[in-house]
Participant: 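Take this structure first; my questions come after.
Everything quoted here is computed from the prediction, not taken from an experiment.
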Amino acid sequence: MSGSPAVSRQEFDAIFAAVRTWGGWSPADRGAWNRVTPEHVRRATALVRSGTAVPLGLPWDTRAGPDNDRPALHHMTDLGDVEPAEPATYKDFIATDFHGKAVSHLDALAHVAYRGQLYDGRTAREAVGASGARFGSVAALGPLVTKGVLLDLPAVLGVGWLEPRHPVHARDVAAAERALGVTVDDGCAVLLRSGRFRRRRELGPWDVGAASAGLHVDAVPLLAERAIALLGGDGDSDLRPSPVEGVHSPVHALAVAAMGVPLLDNLDLEALSAACAGAGRYEFMIVVSPLNVPGGTGSPVNPVAIL
């Protein structure tokens with residue numbers, strides 16, 4: 001069953017209006033990253049105890065599959081035979097259409113519009129064109145260092161993973177906080193683990209665009225109330241199929257276009273889950289450093305959690 005209960009378009013629009021933060025920040029195209037102050041960074045560094053660094057990015061995936069319909073590119077451009085002989089040099093080329101289900105990436109505020117408007121009420125057709133984004137580009141964001149919270153739902157429920165189509169409601173977020181001893185609060189990064197990549201490794205790939213565990217829209221007002229700066233997960237945060245008729249990615253619309261909260265998609269959270277379980281805590285410092293792409297709607301990224 002898809003993300004029951006269903007949400008009408010009227011109900012969704014009411015949620016959108018309730019969580020919207022337009023007009024609140026300068027520069028506006030950094031959105032909720034404006035919440036993160038030097039004090040938030042110092043708070044995050046205090047969470048580093050063992051010094052264990054856990055990378056969260058997926059390997060560069062050049063193989064087509066049910067969850068990778070636009071494989072990344074990688075080929076060699078120099079095998080030591082292009083430049084003068086000593087020292088020999090080896091070079092390669094990479095490229096990717098990264099807004100999909102196979103590349104770990106950051107969604108900037110230019111990536112999502114709802115009813116023709118980007119975050120802060122900017123008209124999408126005026127702000128984004130063939131040469132890229134003039135508002136909300138990934139270059140406006142810069143790096144982020146803040147407190148991270150892992151909401152490890154399979155660990156809470158005592159299962160290996162959440163099955164595709166499993167909705168994560170507001171009550172589930174609150175229950176995970178209690179069970180894991182964490183608090184989602186202002187300026188933090190929230191990472192939702194569904195166990196997608198454990199399931200993929202044990203059962204094989206599937207079309208996660210058609211069916212995936214993720215947040216039900218009723219969880220978003222709670223995250224808005226807590227004033228988060230970043231949302232991410234091992235999926236793309238959205239429950240699929242969508243519970244909102246006519247809105248295929250409602251969490252994207254609410255987080256990015258309404259709240260100004262960038263998204264981290266397709267993180268491998270399995271090693272972080274094990275590290276957090278071993279340390280007995282689910283809070284850590286997280287470092288996110290997207291590529292500086294002027295006009296870019298996002299960036300491939302390999303965030304690092306440090307315990």
Participant: Do Arg9 and Glu245 meet the salt-bridge criterion of a basic N to acidic O distance under 4.0 Å?
Facilitator: no
Participant: Mind checking who shares a hydrophobic cluster with Val103, ILVMFWY linked at side-chain heavy-atom distances under 4.5 Å?
Facilitator: Phe98
Participant: In Å, rounded to the nearest 0.5 Å, how long is the span from CG of Leu263 to OG of Ser249?
Facilitator: 9.5 Å
Participant: Check whether Trp33 reaches the backbone of Gly187 with its side chain - one donor and one acceptor, N or O, closer than 3.5 Å.
Facilitator: no
Participant: Any side-chain to backbone donor/acceptor pair from Ser289 onto Pro143? Under 3.5 Å, distance only.
Facilitator: no
Participant: Taking Ser104 for its side chain and Leu58 for its backbone only, find out whether a donor-acceptor pair lies under 3.5 Å.
Facilitator: yes
Participant: Looking at Asp185 and Arg226, does any basic side-chain N land under 4.0 Å from a carboxylate oxygen?
Facilitator: no
Participant: Quick one, Leu191 and Leu269 - any side-chain contact, counting heavy atoms below 4.5 Å?
Facilitator: yes
Participant: Hydrogens and angles aside, do Ser273 and Glu270 bring a side-chain donor and acceptor to less than 3.5 Å of each other?
Facilitator: no
Participant: Could you pull out the closest heavy-atom pair between Tyr282 and Ala155, with the gap in Å?
Facilitator: OH-CB, 4.3 Å
Participant: Checking the side chain of Asp92 only, and the main-chain atoms of Met76 only, is there a donor and an acceptor separated by less than 3.5 Å?
Facilitator: no
Participant: Ring of Trp206, cation from Arg199 - is the NZ or CZ under 6.0 Å from the centre and inside 45° of the axis?
Facilitator: yes
Participant: Would you please test His40 and Asp186 for side chain to side chain donor-acceptor pair (under 3.5 Å) and show each step?
Facilitator: CA-CA 9 Å; His40 287 89; Asp186 68 288; 2.7 Å; yes
Participant: Please check this pair: side chain of Glu11 against backbone of Ser8, looking for a donor-acceptor N/O pair closer than 3.5 Å.
Facilitator: yes
Participant: Considering only residues two or more places apart or on different chains, which pairs with a residue in residues 73-85 satisfy salt bridge (Lys or Arg N to Asp or Glu O under 4.0 Å)?
Facilitator: Glu83-Lys91
Participant: What's the verdict on side-chain contact (heavy atoms from CB on, under 4.5 Å) for Leu231 and Leu215, showing C-alpha distance, side-chain angles and the deciding distance?
Facilitator: CA-CA 11 Å; Leu231 177 63; Leu215 289 170; 3.9 Å; yes
Participant: Find out whether Arg193 and Leu150 are in side-chain contact, i.e. whether some heavy atom of one side chain is under 4.5 Å from a heavy atom of the other.
Facilitator: yes
Participant: Can Ser194 and Trp161 be said to form a side-chain contact (heavy atoms from CB on, under 4.5 Å), step by step?
Facilitator: CA-CA 6 Å; Ser194 71; Trp161 55 76; over 6 Å; no
Participant: Answer yes when Asp234 and Arg198 have at least one side-chain N-carboxylate O distance shorter than 4.0 Å, and no when they do not.
Facilitator: no
Participant: For Arg115, enumerate each residue passing the side-chain hydrogen bond (donor to acceptor under 3.5 Å, both in side chains) test, keeping only those at least two apart in sequence or located in another chain.
Facilitator: Asp13
Participant: For Arg63, does the CZ atom sit with more than 12 other heavy atoms under 6.0 Å from it, leaving out its own atoms?
Facilitator: no
Participant: Has Asp218 got a side-chain atom pairing as donor or acceptor with Ala170's backbone, closer than 3.5 angstrom?
Facilitator: yes
Participant: With the threshold set at 4.0 Å, does a side-chain nitrogen-carboxylate oxygen contact exist between Asp29 and Arg134?
Facilitator: no
Participant: Can you check side-chain contact (heavy atoms from CB on, under 4.5 Å) on Val217 and Val247, steps first, answer last?
Facilitator: CA-CA 11 Å; Val217 295; Val247 182; over 6 Å; no
Participant: Measure across Met259 and Trp25 and return the closest heavy-atom pair with its distance rounded to 0.1 Å.
Facilitator: O-CZ3, 3.9 Å
Participant: With a 3.5 Å distance limit and no angle check, can you tell me whether Ser299 reaches the backbone of Val301 through a side-chain donor-acceptor pair?
Facilitator: no
Participant: For the CD atom on Glu202, are there more than 12 heavy atoms of other groups (residues, nucleotides or ligands in this structure) within a distance under 6.0 Å?
Facilitator: yes
Participant: Does Glu163 pair with Arg196 as a salt bridge, N-O distance under 4.0 Å?
Facilitator: no
Participant: When the aromatic ring centroids of Phe12 and Tyr114 are compared, is their separation below 6.0 Å?
Facilitator: yes
Participant: If only atom types and distance count, is the side chain of Arg35 paired as donor or acceptor with the main-chain N or O of Ile228 below 3.5 Å?
Facilitator: yes
Participant: Just verifying a value: how many Å separate Leu106 CG and His99 NE2, rounded to the nearest 0.5 Å?
Facilitator: 8.5 Å
Participant: Does a side chain donor of either Asp107 or His105 reach within less than 3.5 Å of an acceptor in the other side chain?
Facilitator: yes
Participant: Spell out, as yes or no, whether a donor-acceptor pair under 3.5 Å connects the side chain of Ser242 to the backbone of Val244.
Facilitator: yes
Participant: Please check if Val288 and Leu47 belong to a single hydrophobic cluster, counting links between Ile, Leu, Val, Met, Phe, Trp and Tyr side chain heavy atoms closer than 4.5 Å.
Facilitator: no
Participant: I would like to know whether Leu118 and Leu109 meet side-chain contact (heavy atoms from CB on, under 4.5 Å); could you show each step before the answer?
Facilitator: CA-CA 7 Å; Leu118 299 173; Leu109 302 192; over 6 Å; no
Participant: Output the distance between atom OG (Ser26) and atom CG (Asn34), rounded to the nearest 0.5 Å.
Facilitator: 7.5 Å
Participant: Could you walk me through whether His252 and Asp236 pass side chain to side chain donor-acceptor pair (under 3.5 Å), step by step?
Facilitator: CA-CA 8 Å; His252 274 66; Asp236 65 2; 4.6 Å; no
Participant: Counting only N and O atoms by type, is there a donor-acceptor contact under 3.5 Å from the side chain of Glu283 to the main-chain atoms of Lys147?
Facilitator: no
Participant: Distance check, rounded to the nearest 0.5 Å: Asp207 atom CG versus Arg240 atom CZ?
Facilitator: 10.0 Å
